[in-house]
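Everything below concerns the one structure shown next.
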Amino acid sequence: MYNPIKELTKREWFIWLCSLIIVLVSNLLTADLDILTLAAALIGVTSLIFAAKGNVWAQILMVVFSILYGIISFRFRYWGEMITYLGMTMPMAVWSAIMWFKNPSEGNSSEVAIQKLTKRHVIWLTVSTVLVTVVFYYILMILDTPNIVFSTISIVTSFLAAALTMLRSSYYAVGYAANDVILIVLWVLASLENPAYIPVVVNFVIFFANDMYGFVSWKKREVRQAVDL
């Protein structure tokens with residue numbers, strides 16, 4: 001268990017600090033400061049920068065973020081988000097932490113060894129995604145979830161992102177970036193009813209930028225790890 005902060009590059013320090021500042025300012029400027037939302041955003045941003053490094057601490061922080069985000073979603077009756085993060089993303093983050101810890105890179109033990117997807121992985125992902133979509137759609141319909149279409153899509157992208165993270169694939173970040181776009185839409189809709197949720201929109205815009213950086217970082221690391229083998 002290495003200290004991930006010690007291994008941040010100057011670029012990563014810049015991205016991390018800028019993200020933290022933007023999140024902090026956007027939350028402080030709102031008329032109704034929500035400490036829970038602020039805490040979740042700061043932890044989420046930190047998790048993403050560590051994820052870009054392939055460090056297991058990213059998954060540990062994701063567990064904490066999932067709990068906080070689940071509570072925030074519960075307050076707005078976004079049942080899909082609450083169920084997804086508490087019932088799916090959180091346990092998958094725990095499993096991902098175990099998998100990342102057990103599979104360090106040969107060239108650098110502080111980062112996870114990246115795995116290329118096989119046909120078996122793709123088939124498993126396809127079948128499980130279809131099942132998750134059907135099951136959760138009906139659950140959300142029964143719960144009379146607001147914006148059910150976007151909530152369902154959010155669940156699908158969250159599942160794919162979490163599954164790809166567990167599989168140690170570089171494309172985990174693409175899954176989370178897609179999920180960020182859906183969440184931006186969801187919370188924009190929520191903000192139209194309650195402006196207090198505007199900071200949540202800003203938070204996920206920052207998450208999107210960090211996830212895209214994570215994808216670029218993992219693809220570069222994937223090439224380097226292949227050479228090390």
Side-chain angles (χ1 to χ4, degrees), residues 1-28 35 37-69 85 89-90 92-115 161-162 164-180 183-184 199-200 202-229:
M1 296 291 286
Y2 291 82
N3 181 355
I5 295 180
K6 291 183 178 180
E7 297 191 354
L8 293 180
T9 64
K10 290 182 180 180
R11 176 184 297 175
E12 289 162 345
W13 269 104
F14 177 77
I15 294 173
W16 184 35
L17 291 178
C18 285
S19 298
L20 292 176
I21 291 172
I22 293 173
V23 166
L24 184 61
V25 171
S26 67
N27 280 267
L28 291 177
I35 298 299
T37 299
L38 176 59
L42 295 177
I43 292 173
V45 165
T46 304
S47 173
L48 293 180
I49 202 69
F50 291 166
K53 299 290 291 183
N55 191 284
V56 69
W57 275 104
Q59 301 310 313
I60 296 173
L61 290 179
M62 180 55 68
V63 172
V64 179
F65 172 79
S66 296
I67 294 173
L68 296 180
Y69 184 67
Y85 275 82
T89 302
M90 184 177 69
M92 290 181 79
V94 172
W95 186 247
S96 293
I98 295 173
M99 296 303 294
W100 283 26
F101 186 76
K102 288 184 175 180
N103 294 277
S105 168
E106 292 187 9
N108 184 350
S109 59
S110 67
E111 64 182 37
V112 66
I114 299 173
Q115 179 177 233
L164 289 168
T165 300
M166 190 170 60
L167 291 172
R168 297 178 283 120
S169 169
S170 299
Y171 292 97
Y172 87 92
V174 176
Y176 275 119
N179 183 242
D180 293 334
L183 292 178
I184 290 170
V200 182
V202 177
N203 296 341
F204 280 110
V205 170
I206 298 301
F207 283 13
F208 175 80
N210 278 269
D211 280 322
M212 293 311 298
Y213 173 74
F215 176 66
V216 173
S217 297
W218 273 57
K219 293 306 290 183
K220 289 181 178 179
R221 191 179 300 112
E222 186 175 350
V223 173
R224 175 168 55 78
Q225 288 185 8
V227 174
D228 291 337
L229 292 176

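Nearest heavy-atom pair, A173 versus G214, reported as atom, atom and distance to 0.1 Å: CB-C, 4.1 Å. S96 approaches A162 most closely through the heavy-atom pair OG-O, 4.1 Å. Heavy atoms only, all atoms of each residue included: G175 and A161 are closest at C-CB, 3.6 Å. The two residues A177 and D211 have their closest heavy-atom pair at N-OD2, 3.9 Å. Nearest heavy-atom pair, R221 versus A52, reported as atom, atom and distance to 0.1 Å: NH2-O, 2.6 Å.
In this structure, a donor-acceptor pair under 3.5 Å is absent between the side chains of Q225 and E106.
Here the CG atom belonging to N103 is positioned 7.5 Å from the CD atom belonging to Q115, to the nearest 0.5 angstrom. Interatomic distance, CD1 of I114 versus OG of S105, reported as 8.0 Å (0.5 Å rounding). How far CE of M99 is from CE of M166: 8.0 Å, rounded to the nearest 0.5 Å. The CG atom of N55 sits 9.0 Å away from the CD atom of E111 when rounded to the nearest 0.5 Å. Between the CG atom in L183 and the CZ atom in F208 there is a gap of 12.0 Å [rounded to 0.5 Å]. Once rounded to the nearest 0.5 Å, the distance linking CD1 of I206 with OG of S26 reads 7.5 Å.
Counting heavy atoms from C-beta on, the side chains of N203 and N27 come closer than 4.5 Å. With contacts defined as side-chain heavy-atom distances shorter than 4.5 Å, the pair I184/V205 qualifies.
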Apply side-chain contact (heavy atoms from CB on, under 4.5 Å) to the pair V112 and V56, showing each step before the final yes or no.
CA-CA 7 Å; V112 66; V56 69; over 6 Å; no
Check step by step if side-chain contact (heavy atoms from CB on, under 4.5 Å) holds for F50 and I60.
CA-CA 10 Å; F50 291 166; I60 296 173; over 6 Å; no
Just do the side-chain contact (heavy atoms from CB on, under 4.5 Å) check on L42 and L38 with the steps written out, would you?
CA-CA 6 Å; L42 295 177; L38 176 59; 4.0 Å; yes
Would you sort out whether T165 and Q59 count as a side chain to side chain donor-acceptor pair (under 3.5 Å), showing the intermediate values?
CA-CA 9 Å; T165 300; Q59 301 310 313; 5.1 Å; no
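For an aromatic pair to be called close, the ring centres must be under 6.0 Å apart, and F204 with Y176 fails this.
Within 6.0 Å of NZ on K220 lie no more than 12 heavy atoms contributed by other residues, nucleotides or ligands.
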Do any side-chain atoms of residues 11-19 form donor-acceptor pairs under 3.5 angstrom with protein atoms, and if so which ones, sequence neighbours left out?
residue: E12; atom: OE1; partner: T9; partner atom: N; Å: 2.9
residue: E12; atom: OE1; partner: T9; partner atom: OG1; Å: 3.3
residue: E12; atom: OE1; partner: K53; partner atom: NZ; Å: 3.2
residue: E12; atom: OE2; partner: Y213; partner atom: OH; Å: 3.1
residue: W16; atom: NE1; partner: T46; partner atom: OG1; Å: 3.2
residue: S19; atom: OG; partner: I15; partner atom: O; Å: 2.7
residue: S19; atom: OG; partner: N210; partner atom: ND2; Å: 3.1

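Ring pair W100/W218 is tilted by interplanar angle, where 30° to 60° counts as tilted.
The ring-ring contact (aromatic ring centres under 6.0 Å, His included) test applied to F215 returns Y171, not counting sequence neighbours.
If you run side-chain hydrogen bond (donor to acceptor under 3.5 Å, both in side chains) between E222 and each of S170, S217, S169, only S170 comes through.
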